[in-house]
Amino acid sequence: MGHTSLDKIKALQRNPANIRNLCILAHVDHGKTTLADCLVASNGIISSRLAGKLRYLDSREDEQMRGITMKSSAISLHFAHREQEYLLNLIDSPGHVDFSSEVSTAVRLCDGAIVIVDAVEGVCPQTQVVLRQAWLENIRPVLVINKIDRLILELKLTSQEAYTHLRKMLEQVNAVTATLFTSKVLEERAEKESEEPEREASGEGEIVYDWSAGLEEADDSNLYFSPDQGNVVFASAIDGWGFSIQQFAKIYSERLGVRAEVLQKTLWGDFYLNAKAKKIMKGAQVKGKKPLFVQLVLDNIWSLYDAVVTNRDKEKVEKVVKSLGVKVLARDTRHSDPKVLLSAICSQWLPLSQAVLSMVCEKLPSPLEVSAERVEKLMSVGARRFDSLPEQTQELKEVFLRCSSEDSSPVIVFVSKMFAVDSKALPQNRQRPLTQEEIAQRRELARQRHAEKMAAENQKDQVKTEASSEEDHTSGASTDVSAKMEALAVREQSAEEEREKFVAFARVYSGVVRPGQRVFVLGPKYDPALGLSTLPEGCSSQSDSVPDTPHLSLCYLGNLYLLMGRELEELEEVPSGNVLGIGGLEEFVLKSATLSTSPACPPFTPLNFEATPIVRVAIEPKHPSEMPKLVQGMRLLNQADPCAEVLIQETGEHVLVTAGEVHLQRCLDDLRDRFAKIEISASEPIIPFRETVVRPPKVDMVNEEMGRQHKVAIIHQVKEDSSQSRSSDTLQVDSSGLVTLTTPNRLATVSIRAIPLPQEVTSLLENSAELIRTLEQVNLSLREGRELEVSPRSLEQISELKLKLEALLQGHRWRNAVDRIWAFGPRRYGPNILLNSVDSYSRPSVWQCLSRHGDKPQNTLRDLDNSIVSGFQLATLSGPMCEEPLMGVCFSVERWDVQTSAALQHRDSVEEDSVSQDAAGDGEGPGETAGQSKRRAEADCYGPVSGQLIAATKEACRQAFQAQPQRLMAAMYTCEIMATAEVLGRVYGVLGKREGRVVQEEMKEGTDMFIIKAILPVAESFGFADEIRKRTSGLASPQLVFSHWEVISSDPHWVPTTEEEYLHFGEKADSENQALQYMNAVRRRKGLYVEEKIVEHAEKQRTLGKNK
Ligand SMILES: Nc1nc2c(ncn2[C@@H]2O[C@H](COP(=O)(O)OP(=O)(O)OP(=O)(O)O)[C@@H](O)[C@H]2O)c(=O)[nH]1
Ligand SMILES: [Mg+2]
């Protein structure tokens, strides 16, 4: 516990004004955990000598081995500042992209963040991501520029150069914030405008749009990082020092006799000291003077490093030590590593924890200062408007803002993740030091036991002498057995205890939580309006009987814990505004949840996850009999990791989906060592693909124009065979690719054509998935006759999406296409479109929510409309190439004839009656022709029409898809690699070998580093990071982030058809066809038929057919 007692922390927890909940965010390796070490050391939890080396919060073995953090962990620290005592709940987060979901879980529980930037590397991709995450959650950041020592020792910059470098870097960081801010202001402006459309419409004359309107009024001054604002600290965490401008302002105000406030404003910036006039003047750069920052701050540090590390000048060191007034131990001075002496001096002169923690206390908000905006955002799930929530719910906002911990306030708790702890590590199971009384008791017990034993032995001796030796032998064996049994029982019990226990990582937003309290668990779909109307008035989780309500369940809180890094301390109660651990929730909470005593509380908005889980592997136990253990283990893993997904596929495979290779490795280790405790084997990563169609190419594989070549005879044969097999009596495919299919009962016919979507449209749809989902929800509720309150912002976005689609779908073929969109798929929000091109059918548009209230759509849905949509959903979910989802395909329904089903069913049922009556007679109904009855009999044996239509639509889509040139799409990663010039060539080599391509290469200013941005197929990425690291001796280490899907240009169904192609590729075309290899690999994995030699529907053959 260090030198702060548990009682003190408990007392501090009661005063929210002096609590700071904060997390440390940064790109990987910028020094988060090292900084956390320094802060932890300031509380005496670890020795300050070990700070920076221990990485105390990286408690897992693999974290220590790899040197990266993999999970976020919290620790509570005490800090006294300006006669006030503060409680800091600090969360260290990982920087590796694979674990960015852990960052989301940390950010949600905090009010502020320390963002760290490496002084050499500057703003990196994850820096931008974390700044955005902080922004999206409305938490306030402060900046620490770390690793200043690298500027001195590695880059060997002069203090003046370093100042220029730092200024540029600060600009970069602020540029990221500026982009976020601008987009928000513009968004707000758009919202305001859409709320007052009438006023604008009635305005006279033209409306002149001023694009910057709103930007000028909005106050952004406290948003940016600036040393004179006091929200920037310059540091070297490894050497244990850090400072803010204030500290130097204070030091120099005494020495120079200038007011501290003046120095505070001028120490950073273009100011210099005019020694003659004894004045601080502006314009250092123009006049070629040393800026104050260089002269008064950096020069001191530079000379210290120079004396201690570079020159190891003993005399100078002594002088410096004396002038700084610090004490240095003799053994530090003599130490062979100059860094020891350096940190001994620095940690007294400019202690890092002091600088950072005072900045945190002054600049970061307390739980009392949560902004109203943030509360509304947390409480309004999805597209709902805050003011459309029930009144009782809106009243809770007040409670939030007060952060009240009175007993009368409702309890509101958010659990952002569940983490597993060894049950031995829980405080109630931990061995603690014994009190005097207990020791005495134990001694007494031991004495008694000893006495009994002695007595028993005496007895035994007597028996022994009396009984025969044989008997004695058996009795000895029986005691042996019973001892064994006992041991077994004990072992079982301990195995039970050894089980992983889950602790919820949570924060109290209102009220006081206590162990054993009964609270509601609000599911993500819980609707407070519905809950309040079904539950009796005044019902709370304490009420005796709570009627069943959807998405609402009750649970009892288990033990409460104070999170202290590797340790937990038990607490009796936790008031509002604190971060805590809650036990006993594993049955009720999967990954995250909102808990409350009031049914009016809405579930909080889901966490923003930046990472897309993309790497999947199938997992099997080494011994098949251990399957149940594996299933159980995977269930635990799923709960313990915010981002990992566990699925069971239709094939029965257990699949684990993770964010990347490193994450995968960690999940597998966890499964093996903690959750399943069995040997497991994981398959090769399963690589996702997408299937799509493209426009017929104009040139063939040897770049000859199509249709001019000498065709080779045998191929015709194949072509004809295949075309024959494709048409039957219910299926027709015409030369333009229009597929007409009749249901087996011949009552319905659909004609469908597959058209490739322009690439921009596909990516637009893909990026708008969330929005399309909202749109679907709105449409669904409209269809059911309910009105869903949608926030104007969502409506705005929807109409924006529509406009964008209209702009992208231009040309004859796409006329009115956007209005004719029938559905999106798969899963109703995917990147494929079902288009209504049936002339005789105008159906309500998917955009109907955009039309003003009042003018209800005139068109109504035709019967069985839904079957067509379902068929389309099924077809897009798995394509004909290798049963992977489709992407970027538009299915245009051009004909849809169906006998009006209502009439049909009616007639059917009437006829059925008459038939059953007639059955006893001559068999055929009176007015019924033979043909009709036959048809009806057929209709009966094929089942309901809706089902048939679904199947027919699905099949028609698949056939239409196959009538076009088909392509596979591969998932692509982007990566940014930082490498020095010497290893650049090797990086390129590795990229080239793995089919990666470089999209950008630039030199990082002021360093000899190159930044390479490259794109790499996921399929080729396994082991990439390791290979790069090995080939460059650890100098370059890339992080892979999923970027987009890309069409693989080669046709998997391609075979040579012309002489030139024969010459070039050989008869069987068995030279490399990447797409075919990928496709066959997937088919083989899925147990589908793999056709290795004979090719059926090659695009070249069809083209030939057309030109014949
Ligand atoms: N030169 C120098 N190295 C530092 C400094 N701070 C940290 N490091 C080194 O940078 C490396 C990464 O430090 P960590 O604290 O583990 O970085 P992190 O941000 O926690 O990394 P992740 O948790 O994996 O994202 C370690 O080798 C540290 O020794 C510093 O101020 N100067
Ligand atoms: Mg770390």
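This chain uses plain numbering: 1 for the first residue, then up along the sequence. Please read all numbers here as calculations on a predicted model, not as lab measurements. Atoms considered below: every heavy atom in the structure, side chains included; atoms not considered: hydrogens, waters and symmetry mates.
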Check whether [X] reaches the backbone of [Y] with its side chain - one donor and one acceptor, N or O, closer than 3.5 Å.
| X | Y | answer |
| --- | --- | --- |
| Gln517 | Val512 | yes |
| Lys363 | Gln229 | yes |
| Gln639 | Val589 | yes |
| Ser510 | Pro410 | yes |

List the steps, then state whether side chain to side chain donor-acceptor pair (under 3.5 Å) holds for Glu102 with Ser93. CA-CA 7 Å; Glu102 290 276 346; Ser93 71; over 6 Å; no

State which residue, out of Arg666, Arg55, Lys71, fulfils the side-chain contact (heavy atoms from CB on, under 4.5 Å) condition with Glu63.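 By the side-chain contact (heavy atoms from CB on, under 4.5 Å) criterion, Glu63 pairs with just one of Arg666, Arg55, Lys71: Lys71.
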
Hey, could you give me the [atom1]/[atom2] distance between [X] and [Y], rounded to the nearest 0.5 Å?
| X | Y | atom1 | atom2 | result |
| --- | --- | --- | --- | --- |
| Asn146 | Lys32 | CG | NZ | 10.0 Å |
| Lys250 | Gln264 | NZ | CD | 10.0 Å |
| Arg566 | Ile75 | CZ | CD1 | 9.5 Å |
| Asn21 | Ser76 | CG | OG | 8.5 Å |

Pairwise side-chain contact, [X] with [Y], heavy-atom cut-off 4.5 Å (strictly under):
| X | Y | value |
| --- | --- | --- |
| Phe400 | Ile412 | yes |
| Arg60 | Asp670 | yes |
| Gln354 | Phe243 | no |
| His81 | Glu362 | yes |
| Val107 | Leu136 | no |
| Leu357 | Leu88 | yes |

With side chain to side chain donor-acceptor pair (under 3.5 Å) as the test, would you mind laying out the steps for Lys591 and Asn638 before giving the verdict? CA-CA 8 Å; Lys591 295 187 184 204; Asn638 187 32; 3.1 Å; yes

What do the steps show when you test Leu131 against Val115 for side-chain contact (heavy atoms from CB on, under 4.5 Å), and what is the final call? CA-CA 8 Å; Leu131 279 170; Val115 175; 4.1 Å; yes

Please evaluate residues Asp92 and Ser73 with respect to the criterion side chain to side chain donor-acceptor pair (under 3.5 Å), reporting the C-alpha separation (whole Å), side-chain torsions for both, the decisive distance (0.1 Å), and the verdict. CA-CA 6 Å; Asp92 178 32; Ser73 47; 5.3 Å; no

So, for Tyr86 and Phe79, is the gap between ring centers shorter than 6.0 Å? no

Salt bridge (charged side-chain N to carboxylate O under 4.0 Å, His left out) with Asp111: of Arg140, Arg374, Arg20, only one passes, and it is Arg374

Can you name the closest pair of heavy atoms from Ser104 and Leu607 and give their distance? O-CD2, 3.9 Å

Just checking, any donor-acceptor pair under 3.5 angstrom between side chains of Asp239 and Ser343? no

With a cut-off of under 6.0 Å to the ring centre and 45° to the axis, is Arg108 in cation-pi contact with Phe414?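 Positive - Arg108 is close enough to the ring of Phe414 and near enough to its axis.
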
